[in-house]
There are 2 protein chains.
Amino acid sequence: MNENTTKTVDKIIENLIYIHPLLSKGLTRTIRAKTNLNPGSLYVLGLLSRYPLLSMSEIGCKLGMPKPHVTAHIDKLVVENLVERISDPNDRRIVNIKLSLKGKENFDMIIKELSSEMRLRINKLDENKLVQLFDSSNKVREILVEITF
Amino acid sequence: MNENTTKTVDKIIENLIYIHPLLSKGLTRTIRAKTNLNPGSLYVLGLLSRYPLLSMSEIGCKLGMPKPHVTAHIDKLVVENLVERISDPNDRRIVNIKLSLKGKENFDMIIKELSSEMRLRINKLDENKLVQLFDSSNKVREILVEITF
DNA sequence: CAAAATGGTTACAAAAGTATAACTATTAAA
DNA sequence: TTTAATAGTTATACTTTTGTAACCATTTTG
(Lines give C-alpha, C1' and ligand atoms only; values in the text may rest on other atoms or scores of the structure.)
Protein backbone atom coordinates (compact mmCIF):
# COMPACT_ATOMS: atom_id res chain seq x y z
CA MET A 1 0.00 0.00 0.00
CA ASN A 2 1.48 3.30 -1.03
CA GLU A 3 1.77 6.57 0.84
CA ASN A 4 -1.30 8.13 -0.74
CA THR A 5 -3.54 5.23 0.07
CA THR A 6 -2.40 5.35 3.68
CA LYS A 7 -3.32 9.01 3.92
CA THR A 8 -6.69 8.37 2.32
CA VAL A 9 -7.46 5.66 4.85
CA ASP A 10 -6.47 7.97 7.71
CA LYS A 11 -8.79 10.65 6.41
CA ILE A 12 -11.61 8.14 6.05
CA ILE A 13 -11.17 7.08 9.67
CA GLU A 14 -11.19 10.70 10.76
CA ASN A 15 -14.41 11.24 8.86
CA LEU A 16 -16.02 8.19 10.39
CA ILE A 17 -14.93 9.26 13.88
CA TYR A 18 -16.57 12.55 13.18
CA ILE A 19 -19.74 11.14 11.66
CA HIS A 20 -20.46 8.65 14.41
CA PRO A 21 -21.30 11.01 17.27
CA LEU A 22 -23.31 13.19 14.90
CA LEU A 23 -25.44 10.21 14.02
CA SER A 24 -25.79 9.37 17.70
CA LYS A 25 -26.96 12.88 18.28
CA GLY A 26 -29.36 12.90 15.38
CA LEU A 27 -30.71 9.39 15.71
CA THR A 28 -30.41 8.02 19.22
CA ARG A 29 -32.10 10.99 20.78
CA THR A 30 -35.00 10.94 18.36
CA ILE A 31 -35.38 7.20 18.64
CA ARG A 32 -35.73 7.53 22.38
CA ALA A 33 -38.18 10.39 22.09
CA LYS A 34 -40.37 8.98 19.35
CA THR A 35 -40.38 5.24 19.99
CA ASN A 36 -40.38 2.85 22.88
CA LEU A 37 -37.55 0.82 21.37
CA ASN A 38 -33.89 0.80 22.28
CA PRO A 39 -31.66 2.10 19.52
CA GLY A 40 -30.09 -1.35 19.40
CA SER A 41 -33.41 -3.10 18.96
CA LEU A 42 -34.35 -0.66 16.24
CA TYR A 43 -31.13 -1.45 14.42
CA VAL A 44 -32.04 -5.12 14.53
CA LEU A 45 -35.50 -4.24 13.24
CA GLY A 46 -33.93 -2.22 10.44
CA LEU A 47 -31.69 -5.11 9.52
CA LEU A 48 -34.66 -7.46 9.38
CA SER A 49 -36.51 -5.06 7.13
CA ARG A 50 -33.71 -5.64 4.62
CA TYR A 51 -33.44 -9.39 4.89
CA PRO A 52 -36.57 -11.56 4.87
CA LEU A 53 -35.13 -14.20 7.16
CA LEU A 54 -32.05 -14.23 9.36
CA SER A 55 -30.81 -16.60 12.01
CA MET A 56 -29.75 -15.29 15.40
CA SER A 57 -26.10 -15.81 14.50
CA GLU A 58 -26.44 -14.03 11.20
CA ILE A 59 -27.97 -11.02 12.94
CA GLY A 60 -25.15 -10.98 15.45
CA CYS A 61 -22.60 -11.28 12.72
CA LYS A 62 -24.08 -8.53 10.59
CA LEU A 63 -24.43 -6.08 13.47
CA GLY A 64 -21.23 -7.18 15.16
CA MET A 65 -22.85 -8.07 18.44
CA PRO A 66 -22.32 -11.20 20.52
CA LYS A 67 -25.10 -13.73 20.51
CA PRO A 68 -26.40 -13.01 24.01
CA HIS A 69 -27.19 -9.45 23.00
CA VAL A 70 -29.05 -10.60 19.94
CA THR A 71 -31.13 -12.83 22.16
CA ALA A 72 -31.96 -9.88 24.39
CA HIS A 73 -32.94 -7.63 21.52
CA ILE A 74 -35.04 -10.30 19.87
CA ASP A 75 -36.72 -11.03 23.21
CA LYS A 76 -37.87 -7.43 23.38
CA LEU A 77 -39.02 -7.37 19.78
CA VAL A 78 -40.91 -10.63 20.26
CA VAL A 79 -42.70 -9.24 23.32
CA GLU A 80 -43.81 -6.30 21.18
CA ASN A 81 -44.92 -8.71 18.44
CA LEU A 82 -42.59 -7.03 15.98
CA VAL A 83 -40.69 -10.17 15.00
CA GLU A 84 -41.24 -13.91 15.08
CA ARG A 85 -38.97 -16.76 16.03
CA ILE A 86 -39.20 -19.57 13.50
CA SER A 87 -37.26 -22.72 14.19
CA ASP A 88 -35.47 -24.16 11.20
CA PRO A 89 -36.86 -27.56 10.17
CA ASN A 90 -33.56 -28.62 8.61
CA ASP A 91 -31.41 -27.80 11.61
CA ARG A 92 -33.30 -27.64 14.84
CA ARG A 93 -30.56 -25.67 16.55
CA ILE A 94 -31.18 -22.70 14.31
CA VAL A 95 -33.74 -20.06 15.20
CA ASN A 96 -34.72 -17.89 12.28
CA ILE A 97 -36.15 -14.44 12.78
CA LYS A 98 -38.72 -12.80 10.57
CA LEU A 99 -40.32 -9.40 10.72
CA SER A 100 -44.03 -9.65 11.55
CA LEU A 101 -46.55 -7.56 9.65
CA LYS A 102 -46.76 -5.31 12.68
CA GLY A 103 -42.99 -5.11 12.73
CA LYS A 104 -42.87 -4.07 9.10
CA GLU A 105 -45.56 -1.45 9.65
CA ASN A 106 -43.95 -0.18 12.82
CA PHE A 107 -40.55 0.13 11.22
CA ASP A 108 -41.98 2.12 8.35
CA MET A 109 -43.82 4.31 10.81
CA ILE A 110 -40.71 4.83 12.94
CA ILE A 111 -38.75 5.79 9.83
CA LYS A 112 -41.44 8.34 9.08
CA GLU A 113 -41.31 9.68 12.64
CA LEU A 114 -37.54 9.99 12.52
CA SER A 115 -37.77 11.50 9.08
CA SER A 116 -40.22 14.14 10.17
CA GLU A 117 -37.86 15.09 12.96
CA MET A 118 -34.86 15.17 10.70
CA ARG A 119 -36.80 16.81 7.89
CA LEU A 120 -37.02 19.92 10.03
CA ARG A 121 -33.27 20.18 9.84
CA ILE A 122 -32.96 18.77 6.35
CA ASN A 123 -35.24 21.51 5.11
CA LYS A 124 -32.26 23.81 5.29
CA LEU A 125 -30.74 21.80 2.46
CA ASP A 126 -31.51 22.55 -1.13
CA GLU A 127 -32.58 19.81 -3.50
CA ASN A 128 -29.07 19.41 -4.79
CA LYS A 129 -27.50 18.77 -1.40
CA LEU A 130 -30.29 16.42 -0.50
CA VAL A 131 -29.49 14.26 -3.46
CA GLN A 132 -25.81 14.42 -2.57
CA LEU A 133 -26.54 13.27 0.97
CA PHE A 134 -28.67 10.52 -0.42
CA ASP A 135 -26.03 9.31 -2.84
CA SER A 136 -23.13 9.56 -0.43
CA SER A 137 -24.96 7.88 2.45
CA ASN A 138 -25.85 5.08 0.05
CA LYS A 139 -22.24 4.72 -0.91
CA VAL A 140 -20.88 4.79 2.64
CA ARG A 141 -23.42 2.20 3.63
CA GLU A 142 -22.71 -0.04 0.68
CA ILE A 143 -18.98 -0.01 1.24
CA LEU A 144 -19.18 -0.36 5.02
CA VAL A 145 -21.34 -3.41 4.54
CA GLU A 146 -18.77 -4.79 2.16
CA ILE A 147 -15.83 -4.42 4.51
CA THR A 148 -17.49 -5.26 7.80
CA PHE A 149 -19.42 -8.38 6.87
CA MET B 1 -41.93 19.53 0.00
CA ASN B 2 -42.96 17.21 -2.78
CA GLU B 3 -43.49 13.48 -2.81
CA ASN B 4 -40.08 12.65 -4.23
CA THR B 5 -38.22 14.69 -1.67
CA THR B 6 -40.14 12.95 1.11
CA LYS B 7 -39.10 9.57 -0.21
CA THR B 8 -35.51 10.68 -0.55
CA VAL B 9 -35.44 11.82 3.07
CA ASP B 10 -36.94 8.52 4.21
CA LYS B 11 -34.25 6.63 2.34
CA ILE B 12 -31.56 8.81 3.85
CA ILE B 13 -32.86 8.09 7.34
CA GLU B 14 -32.87 4.39 6.55
CA ASN B 15 -29.28 4.61 5.38
CA LEU B 16 -28.23 6.47 8.50
CA ILE B 17 -30.01 3.96 10.72
CA TYR B 18 -28.06 1.30 8.92
CA ILE B 19 -24.72 3.07 9.00
CA HIS B 20 -24.76 3.92 12.68
CA PRO B 21 -24.44 0.44 14.18
CA LEU B 22 -21.85 -0.45 11.57
CA LEU B 23 -19.73 2.45 12.71
CA SER B 24 -20.24 1.41 16.32
CA LYS B 25 -19.04 -2.00 15.37
CA GLY B 26 -16.07 -0.75 13.41
CA LEU B 27 -15.00 2.07 15.66
CA THR B 28 -16.17 1.61 19.24
CA ARG B 29 -14.69 -1.84 19.49
CA THR B 30 -11.34 -0.80 18.14
CA ILE B 31 -11.27 2.32 20.28
CA ARG B 32 -11.75 0.19 23.35
CA ALA B 33 -9.11 -2.27 22.29
CA LYS B 34 -6.48 0.19 21.14
CA THR B 35 -6.85 3.13 23.51
CA ASN B 36 -7.64 3.82 27.12
CA LEU B 37 -10.20 6.47 26.18
CA ASN B 38 -13.97 6.24 26.12
CA PRO B 39 -15.37 6.55 22.63
CA GLY B 40 -17.13 9.69 23.84
CA SER B 41 -13.92 11.26 25.07
CA LEU B 42 -12.24 10.41 21.80
CA TYR B 43 -15.02 12.15 19.92
CA VAL B 44 -14.44 15.23 22.02
CA LEU B 45 -10.75 14.96 21.27
CA GLY B 46 -11.51 14.65 17.57
CA LEU B 47 -13.69 17.71 17.71
CA LEU B 48 -10.94 19.69 19.40
CA SER B 49 -8.47 18.60 16.75
CA ARG B 50 -10.67 20.48 14.29
CA TYR B 51 -11.29 23.62 16.29
CA PRO B 52 -8.40 25.36 18.03
CA LEU B 53 -10.49 26.63 20.94
CA LEU B 54 -13.97 25.72 22.11
CA SER B 55 -15.90 26.54 25.25
CA MET B 56 -17.57 23.78 27.24
CA SER B 57 -20.96 24.85 25.94
CA GLU B 58 -19.80 24.91 22.34
CA ILE B 59 -18.49 21.37 22.68
CA GLY B 60 -21.77 20.22 24.15
CA CYS B 61 -23.67 21.96 21.41
CA LYS B 62 -21.57 20.54 18.60
CA LEU B 63 -21.69 16.99 19.91
CA GLY B 64 -25.23 17.26 21.17
CA MET B 65 -24.43 16.33 24.72
CA PRO B 66 -25.62 18.05 27.89
CA LYS B 67 -23.09 20.10 29.78
CA PRO B 68 -22.56 17.63 32.62
CA HIS B 69 -21.31 15.03 30.14
CA VAL B 70 -18.92 17.49 28.61
CA THR B 71 -17.53 18.21 32.06
CA ALA B 72 -17.02 14.51 32.66
CA HIS B 73 -15.26 13.95 29.34
CA ILE B 74 -13.04 16.99 29.73
CA ASP B 75 -12.17 15.91 33.28
CA LYS B 76 -10.85 12.65 31.93
CA LEU B 77 -8.95 14.31 29.11
CA VAL B 78 -7.44 16.82 31.54
CA VAL B 79 -6.24 14.04 33.82
CA GLU B 80 -4.51 12.47 30.84
CA ASN B 81 -3.00 15.87 29.93
CA LEU B 82 -4.61 15.71 26.53
CA VAL B 83 -6.48 19.01 26.80
CA GLU B 84 -6.21 22.21 28.82
CA ARG B 85 -8.85 24.31 30.53
CA ILE B 86 -8.23 28.00 29.82
CA SER B 87 -10.50 30.49 31.51
CA ASP B 88 -11.70 33.30 29.30
CA PRO B 89 -10.35 36.70 30.41
CA ASN B 90 -13.32 38.55 28.91
CA ASP B 91 -16.00 36.46 30.57
CA ARG B 92 -14.79 34.61 33.59
CA ARG B 93 -17.73 32.21 33.49
CA ILE B 94 -16.43 30.70 30.28
CA VAL B 95 -13.95 27.82 30.28
CA ASN B 96 -12.24 27.33 26.97
CA ILE B 97 -10.72 24.02 26.02
CA LYS B 98 -7.64 23.55 23.92
CA LEU B 99 -5.86 20.46 22.74
CA SER B 100 -2.44 20.09 24.35
CA LEU B 101 0.56 19.08 22.31
CA LYS B 102 0.28 15.63 23.83
CA GLY B 103 -3.40 15.61 22.93
CA LYS B 104 -2.65 16.44 19.33
CA GLU B 105 0.03 13.78 19.13
CA ASN B 106 -2.14 11.20 20.83
CA PHE B 107 -5.09 11.85 18.57
CA ASP B 108 -2.92 11.45 15.49
CA MET B 109 -1.53 8.26 16.93
CA ILE B 110 -4.96 6.92 17.78
CA ILE B 111 -6.14 7.64 14.26
CA LYS B 112 -3.17 5.64 12.99
CA GLU B 113 -4.01 2.78 15.35
CA LEU B 114 -7.63 2.73 14.26
CA SER B 115 -6.54 3.03 10.65
CA SER B 116 -4.22 0.08 10.86
CA GLU B 117 -7.08 -1.99 12.28
CA MET B 118 -9.51 -0.86 9.64
CA ARG B 119 -6.89 -1.05 6.92
CA LEU B 120 -6.94 -4.80 7.30
CA ARG B 121 -10.52 -4.75 6.19
CA ILE B 122 -10.16 -1.87 3.80
CA ASN B 123 -7.50 -3.80 1.97
CA LYS B 124 -10.31 -5.76 0.39
CA LEU B 125 -11.29 -2.60 -1.43
CA ASP B 126 -9.72 -1.62 -4.69
CA GLU B 127 -8.30 1.86 -5.18
CA ASN B 128 -11.47 3.00 -6.87
CA LYS B 129 -13.77 2.02 -4.02
CA LEU B 130 -11.41 3.53 -1.52
CA VAL B 131 -11.66 6.88 -3.21
CA GLN B 132 -15.43 6.50 -3.36
CA LEU B 133 -15.58 5.82 0.38
CA PHE B 134 -13.37 8.79 0.96
CA ASP B 135 -15.47 11.13 -1.13
CA SER B 136 -18.81 9.94 0.17
CA SER B 137 -17.76 9.96 3.83
CA ASN B 138 -16.52 13.50 3.29
CA LYS B 139 -19.86 14.47 1.84
CA VAL B 140 -21.94 12.83 4.56
CA ARG B 141 -19.82 14.48 7.18
CA GLU B 142 -19.99 17.89 5.55
CA ILE B 143 -23.74 17.81 5.20
CA LEU B 144 -24.40 16.33 8.64
CA VAL B 145 -22.37 19.12 10.15
CA GLU B 146 -24.41 21.61 8.21
CA ILE B 147 -27.77 20.33 9.38
CA THR B 148 -26.96 19.44 12.95
CA PHE B 149 -25.05 22.48 14.11
C1' DC C 1 -21.29 -44.18 19.09
C1' DA C 2 -18.30 -40.80 21.60
C1' DA C 3 -16.24 -36.37 21.04
C1' DA C 4 -16.11 -32.00 19.08
C1' DA C 5 -18.35 -28.20 17.03
C1' DT C 6 -22.27 -25.17 16.37
C1' DG C 7 -26.52 -22.36 17.55
C1' DG C 8 -28.76 -20.37 21.02
C1' DT C 9 -29.97 -19.07 25.85
C1' DT C 10 -29.25 -17.72 30.70
C1' DA C 11 -27.02 -15.09 34.13
C1' DC C 12 -23.94 -11.84 35.90
C1' DA C 13 -20.77 -7.82 35.93
C1' DA C 14 -18.73 -3.75 34.28
C1' DA C 15 -18.44 0.31 31.33
C1' DA C 16 -20.60 3.94 28.97
C1' DG C 17 -24.27 6.88 27.73
C1' DT C 18 -28.29 9.62 29.24
C1' DA C 19 -31.30 12.75 31.89
C1' DT C 20 -32.12 15.94 35.44
C1' DA C 21 -32.03 18.72 39.48
C1' DA C 22 -29.53 21.63 42.38
C1' DC C 23 -25.77 24.43 43.04
C1' DT C 24 -21.83 28.28 42.49
C1' DA C 25 -19.85 32.03 39.99
C1' DT C 26 -20.25 35.53 36.84
C1' DT C 27 -22.47 38.66 33.77
C1' DA C 28 -26.43 41.17 31.84
C1' DA C 29 -30.77 43.43 32.38
C1' DA C 30 -34.70 45.74 34.76
C1' DT D 1 -29.00 47.30 42.65
C1' DT D 2 -31.90 43.69 42.88
C1' DT D 3 -33.24 40.26 39.45
C1' DA D 4 -32.69 37.36 35.70
C1' DA D 5 -29.85 34.86 32.62
C1' DT D 6 -25.69 32.31 31.39
C1' DA D 7 -21.55 29.06 31.99
C1' DG D 8 -20.04 25.47 34.26
C1' DT D 9 -19.86 21.90 38.04
C1' DT D 10 -21.54 18.37 41.28
C1' DA D 11 -24.38 14.64 42.40
C1' DT D 12 -27.56 11.05 41.48
C1' DA D 13 -30.26 7.68 39.16
C1' DC D 14 -31.28 5.06 35.23
C1' DT D 15 -30.82 2.84 30.77
C1' DT D 16 -28.10 0.85 27.39
C1' DT D 17 -24.19 -1.27 25.80
C1' DT D 18 -20.62 -4.45 26.20
C1' DG D 19 -18.06 -8.56 27.72
C1' DT D 20 -17.83 -13.22 29.44
C1' DA D 21 -18.61 -17.63 31.38
C1' DA D 22 -21.47 -21.44 31.80
C1' DC D 23 -25.00 -24.05 30.03
C1' DC D 24 -28.47 -26.97 26.95
C1' DA D 25 -29.81 -28.89 22.52
C1' DT D 26 -28.56 -30.36 18.19
C1' DT D 27 -25.57 -31.55 14.53
C1' DT D 28 -21.21 -32.98 12.65
C1' DT D 29 -16.92 -35.45 12.82
C1' DG D 30 -13.74 -39.08 13.72
Side-chain angles (χ1 to χ4, degrees), chain A residues 17 20-45 53-79 83-98, chain B residues 20-45 47 53-79 83-98:
Chain A
I17 285 186
H20 191 247
L22 293 186
L23 287 184
S24 293
K25 176 185 178 179
L27 291 181
T28 311
R29 224 157 288 249
T30 315
I31 288 169
R32 258 181 249 281
K34 296 268 184 177
T35 80
N36 53 350
L37 287 178
N38 300 344
S41 298
L42 183 62
Y43 299 149
V44 174
L45 207 61
L53 201 70
L54 288 174
S55 73
M56 299 295 281
S57 293
E58 286 170 329
I59 293 171
C61 175
K62 285 188 188 299
L63 291 182
M65 41 171 82
K67 293 186 288 180
H69 304 173
V70 179
T71 299
H73 284 306
I74 294 297
D75 280 350
K76 283 182 192 164
L77 294 173
V78 164
V79 167
V83 304
E84 291 171 38
R85 278 190 168 92
I86 300 169
S87 73
D88 191 318
N90 299 324
D91 184 340
R92 293 190 335 213
R93 291 171 303 177
I94 297 176
V95 176
N96 288 306
I97 309 296
K98 184 181 95 169
Chain B
H20 191 246
L22 292 186
L23 286 184
S24 292
K25 176 184 178 178
L27 290 181
T28 311
R29 223 157 288 248
T30 316
I31 289 169
R32 258 182 252 280
K34 295 269 184 175
T35 81
N36 52 349
L37 287 178
N38 299 344
S41 298
L42 182 63
Y43 300 150
V44 174
L45 207 61
L47 185 69
L53 202 69
L54 288 175
S55 73
M56 299 294 283
S57 293
E58 287 170 328
I59 293 172
C61 176
K62 285 188 188 299
L63 291 182
M65 40 171 82
K67 292 187 290 182
H69 307 173
V70 179
T71 298
H73 285 306
I74 294 297
D75 281 351
K76 282 182 193 165
L77 294 173
V78 165
V79 167
V83 304
E84 292 172 38
R85 279 190 167 92
I86 300 169
S87 72
D88 191 317
N90 299 324
D91 184 340
R92 294 190 337 216
R93 291 170 303 180
I94 297 176
V95 176
N96 288 306
I97 308 296
K98 186 182 94 170

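Given the structure is predicted, the values throughout are model-derived calculations rather than measurements. Residue numbering restarts at 1 for every chain, and letters A, B, ... go by the order of the sequence lines. Quick note: numbers below take in every heavy atom, side chains included, and nothing from hydrogens, waters or symmetry partners.
- Atom P of nucleotide D/dG8 and atom CD1 of B/Ile59 are separated by 9 Å, given to the nearest angstrom.
- To the nearest angstrom, C1' of D/dT16 lies 11 Å from CE of A/Met65.
- Counting only residues at least two apart or in different chains, salt bridge (Lys or Arg N to Asp or Glu O under 4.0 Å) contacts with residues 86-97 of chain B comprise B/Asp91-B/Arg93.
- Rounding to whole angstrom units, CG of residue B/Asn90 and P of D/dT6 are separated by 19 Å.
- Annotation: side-chain contact (heavy atoms from CB on, under 4.5 Å) contacts of B/Pro68 (sequence neighbours excluded): B/Pro66.
- Atom P of nucleotide C/dG17 and atom CG of B/Leu27 are separated by 13 Å, given to the nearest angstrom.
- Position along DNA chain D of the nearest nucleotide to A/Arg92 versus A/His73 favours A/His73 as the more 5'-ward residue.
- Across all strands shown, A/Thr28 has heavy atoms under 4.0 Å from sugar-phosphate atoms exclusively, and none from any base.
- In this structure, the CG atom of A/Leu63 is 14 Å from the P atom of D/dG19, given to the nearest Å.
- For the side-chain contact (heavy atoms from CB on, under 4.5 Å) test, residues two or more places apart in sequence or in another chain that qualify with B/Ser55 are B/Ser57, B/Glu58, B/Ile94, B/Asn96.
- The interatomic distance linking A/Leu42 (CG) with D/dT17 (C1') rounds to 15 Å, in whole Å.
- Here B/His20 pairs with A/His20, A/Tyr43 under the ring-ring contact (aromatic ring centres under 6.0 Å, His included) rule; sequence neighbours left out.
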I need a per-nucleotide contact map over nucleotides 5-12 of chain C, read 5' to 3'. Cutoff is protein heavy atoms under 4.0 Å; write B for the base, S for backbone only, - otherwise. -BBBBBB-
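- Residue A/Leu23 contributes atom CG, which lies 15 Å from atom P of C/dG17 at whole-angstrom precision.
- Residues that satisfy the side-chain contact (heavy atoms from CB on, under 4.5 Å) test with A/Thr71, not counting sequence neighbours, are A/Met56, A/Asp75, A/Arg85.
- Note: A/Leu54 CG to A/Ile97 CD1 = 9.0 Å, rounded to the nearest 0.5 Å.
- The nearest whole Å value for the distance from the NE2 atom in B/His20 to the C1' atom in C/dG17 is 11 Å.
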